[in-house]
Number of protein chains: 2
Amino acid sequence: MIMPYAKPPQDRIQRLRAFCLEHKRMPAYSEMLDLFGYRSKNAVHRFMRKLETAGYVRRAAPRKFAPTGRLTGSIRLLGTVQAGFPSPAEEELVDVLSLDEFLVQRPEATYMLTVSGDSMIDAGIHPGDIVLVERGGLTRNGDIVVAQVDGEWTIKYFSKRGRVVRLEPANKAYQPITPRHSLVVGGIVKAVIRKYR
Amino acid sequence: MIMPYAKPPQDRIQRLRAFCLEHKRMPAYSEMLDLFGYRSKNAVHRFMRKLETAGYVRRAAPRKFAPTGRLTGSIRLLGTVQAGFPSPAEEELVDVLSLDEFLVQRPEATYMLTVSGDSMIDAGIHPGDIVLVERGGLTRNGDIVVAQVDGEWTIKYFSKRGRVVRLEPANKAYQPITPRHSLVVGGIVKAVIRKYR
DNA sequence: AACTATAGTGAACGATCGTTCACAATCAAG
DNA sequence: CTTGATTGTGAACGATCGTTCACTATAGTT
């Protein structure tokens, strides 16, 4: 039977993944002895070389391994719902990525805020949602910003015509705001997250 | 001047953070020589012990360090918008966490899907949004599920009365669905993500 | 049965690791 | 100036690392 790209035992990969996620580091070969159930470091070595060619780990330095996104990345990205839901058999083909890398460009400038109030509800931002806010970027028309207007913090659409800045809600029950005295943009909303259960 | 818990130089911490995020591993002391600008491994050693007491790294094994969430966690979690937007001076106090850990409980069973269609728009799930779907959990009334009904994949509220399963949209323009022949639940929607720009 | 590839054991090796010691430079406090 | 704490250099150490070699066991193919 022809078996190109033989798949390494998923059980051992699972254990390695669990270890990396829990300890935030690669186990040493001596630790992998227990982890994989081997009694010889050579067996570990051979197995790791397989994982390397399979793309689960990569060489970080001459004698160091580092996990790839394929191993520790949290999420498999599939297509649209309409496009069909891949079956378990197809899972090996899809891409894997980390939510942090996917959503956050500049970690040191990014914050999470919990939204209260319904002034952006027509934009699909509900009370209790979490917004990812990035500080210091260039604000453009149409961006959703976290801003302090005359002492009060809100989330609004940002709009600038000439020299006039307007903060527009996404809710007909509220009026657009034109800052009277002060406007401080706390950051641009890069993503909205709603978490269930 | 009294300086309890003296803050280690932020510049070196930034470099260590960058290294860990880029290489997905701790640098060796010999690598830290270049990274920190030291010429002695003892200087590195002393600095790392400070980072340990400051909570940026922890001992993973007798001679191994691992980064903590404080070092590599992507996001600082702040309060609600109404509660006020913390000033830069207060940033050290807030909690730091990873989006992956925050949103994903079982990485091996979680998938991302892009939503098309507006059948859940009243639940704040818009076309183009991304849903985090977890397979294999126990489905309860009120959960949002990805399901295949009579061959077609959709996102709907899950509702079960007795033996009758209904899939209810969050859009008055659509009708609830009662599966005629087959129902396959592809997973439970654990989170909704909308990414801007 | 003979051959081959795969997978594992056990021991050994040099390289590199994190740690430690002794000592110098700097700076603030008394 | 002296003292003491902090921060750095440079060299040395044993421990552990990843790697490699020789050999055995098993299973599949010819």
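First the proteins, then the strands, lettered A, B, ... as listed; each starts at 1.
- The B/Arg12 side chain lies nearest to D/dG8 when the options are C/dT19, C/dG8, D/dG8.
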Original post:
Yes or no on side chain to side chain contact (heavy atoms under 4.5 Å, CB included) for B/Leu167 and B/Leu183, after CA distance, side-chain angles and deciding distance?
Top reply: CA-CA 10 Å; B/Leu167 298 174; B/Leu183 170 66; 3.9 Å; yes
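- The cationic atom of B/Arg59 (NZ for Lys, CZ for Arg) lies less than 6.0 Å from the six-membered ring centre of B/Phe65 and within 45° of the ring axis.
- Figure legend: cation-pi geometry between A/Arg135 and A/Tyr111, with NZ or CZ positioned under 6.0 Å from the six-membered ring centre and within 45° of its axis.
- Both cation-pi conditions hold for A/Arg12 and A/Phe47: the charged atom is under 6.0 angstrom from the six-membered ring centre and inside a 45 degree cone around its axis.
- Between the side chains of B/Arg46 and B/Tyr38, no donor-acceptor pair is found at a separation under 3.5 Å.
- We find that CE of B/Met48 is positioned 11 Å from C1' of C/dG18, with the value rounded to whole Å.
- Distances shorter than 4.0 Å separate none of the side-chain N or O atoms of A/His45 from OP1 or OP2 on D/dG18.
- Distance CZ (B/Arg46) to P (C/dG18): 17 Å, rounded to an integer number of Å.
- Here the C1' atom of nucleotide D/dG18 and the CZ atom of B/Arg25 are 14 Å apart, to the nearest Å.
- In terms of phosphate contacts, B/Ser30 brings no side-chain nitrogen or oxygen within less than 4.0 Å of OP1 or OP2 of C/dT16.
- Closest to the A/Ala43 side chain, of the nucleotides C/dG8, D/dG8, C/dT19, is C/dG8.
- If you check residues 32-40 of chain B against DNA chain D, the residues with a heavy atom closer than 4.0 Å are B/Tyr38, B/Arg39, B/Ser40, listed by number.
- Looking at A/Glu52 and A/Arg58, no side-chain N of the basic residue comes within less than 4.0 Å of a carboxylate O on the acidic one, giving no salt bridge.
- Salt-bridge check for B/Glu31 with B/Arg25: passed, with a basic side-chain N closer than 4.0 Å to an acidic carboxylate O.
- Between B/Lys50 and D/dT7 there is a side-chain N or O to OP1 or OP2 distance below 4.0 Å.
- When heavy atoms are screened at a 4.0 angstrom cut-off, B/Ala28 is found touching the sugar-phosphate backbone but no base atom.
- The CZ atom of B/Arg63 sits 15 Å away from the P atom of D/dC13 (whole-angstrom rounding).
- In summary, of the residues considered (B/Thr178, B/Asn141, B/Ile177), a side-chain contact (heavy atoms from CB on, under 4.5 Å) with B/Arg166 occurs for B/Thr178 alone.
- Over its length, the helix from C/dA1-D/dT30 to C/dG30-D/dC1 turns its helix axis by 20°, as judged from the five terminal pairs at each end, rounded to 10°.
- Between B/His45 and B/Tyr29, the ring planes are tilted. Angles from 30° to 60° get that label.
- Counting to the nearest Å, the C1' atom of D/dG18 and the NZ atom of B/Lys64 are 11 Å from each other.
- Rounded to whole Å, atom C1' of D/dT6 lies 13 Å from atom CG of B/Asn42.
- Taking atom OH of residue B/Tyr29 and atom P of nucleotide C/dT20, one finds them 9 Å apart after rounding to whole Å.
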